[in-house]
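Inspection log for the structure reproduced underneath, given as structure tokens.
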Amino acid sequence: MIVVDSNVLAYLFLPGEHTARAESLLGQEPDWAAPVLWRSEFRNILAGYLRRGTLDFAQATVLQAAAEALLAGREFEVDSIAVLELVRDSNCSAYDCEFVALARKLGVRLVTMDAKLIRAFPGDAVSLAEIVRPQSGAS
């Protein structure tokens, strides 16, 4: 199991520069977990796509449902004190610290593309780009 941040989920479901890496990661490690907060963050990402006209409402709802299905049974509440301790000891947002707190709680890595999180928590957070290289022929 790994914890993934909302951007890694977005890379998986919204085609772009890091989609091949996210797909490879899912193939290598299919048990993804996230704090419950991921739902709001992912909906906010979808909202941006809706507003730009990149997705229509039906597409956005299908993607949200697919992401929820992927994480079904692996969404977790995190301890507020643990999150606030991470905030105190870093310059990261409470939102981002929820993902770190969950990774620590579960004793697994957090996979992210957030350089600030990786710098602040190098023992917990690892870059998607560093752990997964797209296979040849993948974009």
Same hydrophobic cluster for [X] and [Y], using side-chain heavy-atom links shorter than 4.5 Å among ILVMFWY?
X	Y	result
L86	Y95	yes
I118	F121	no
V4	M1	yes

Under 4.5 Å between any side-chain heavy atoms of [X] and [Y], yes or no?
X	Y	value
L14	T54	no
F76	V36	no
I2	L25	yes

Short side-chain donor-acceptor distance under 3.5 Å, R43 and S40: yes

Exercise: identify the closest heavy-atom pair between [X] and [Y]:
X	Y	value
V83	A101	CG2-CB, 4.0 Å
V78	E98	CG2-OE1, 3.5 Å
L110	D5	CD1-N, 3.9 Å

Under 3.5 Å, is there a donor-acceptor pair between the side chain of [X] and the main chain of [Y]?
X	Y	answer
K105	D79	no
R21	V132	yes
T112	S127	no

Please enumerate all residues that pass salt bridge (Lys or Arg N to Asp or Glu O under 4.0 Å) together with E23, with sequence neighbours excluded.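 With neighbours one apart ignored, the set is empty.
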
For D124, salt bridge (Lys or Arg N to Asp or Glu O under 4.0 Å) partners two or more places apart: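 Testing D124 for salt bridge (Lys or Arg N to Asp or Glu O under 4.0 Å), a comparison that skips the adjacent residues, returns R104.
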
By ring-ring contact (aromatic ring centres under 6.0 Å, His included), which residues pair with F13, not counting sequence neighbours? none

E85: which residues meet the side-chain hydrogen bond (donor to acceptor under 3.5 Å, both in side chains) condition with it, sequence neighbours left out?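 Partners of E85 under the side-chain hydrogen bond (donor to acceptor under 3.5 Å, both in side chains) test: none.
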
Got a sec, which pairs hit salt bridge (Lys or Arg N to Asp or Glu O under 4.0 Å) with one end in residues 47-67, sequence neighbours left out? none

Quick note, side-chain hydrogen bond (donor to acceptor under 3.5 Å, both in side chains) partners involving residues 65-77, not counting sequence neighbours, are W38-E75, R39-E68, R39-E75, Q64-E68

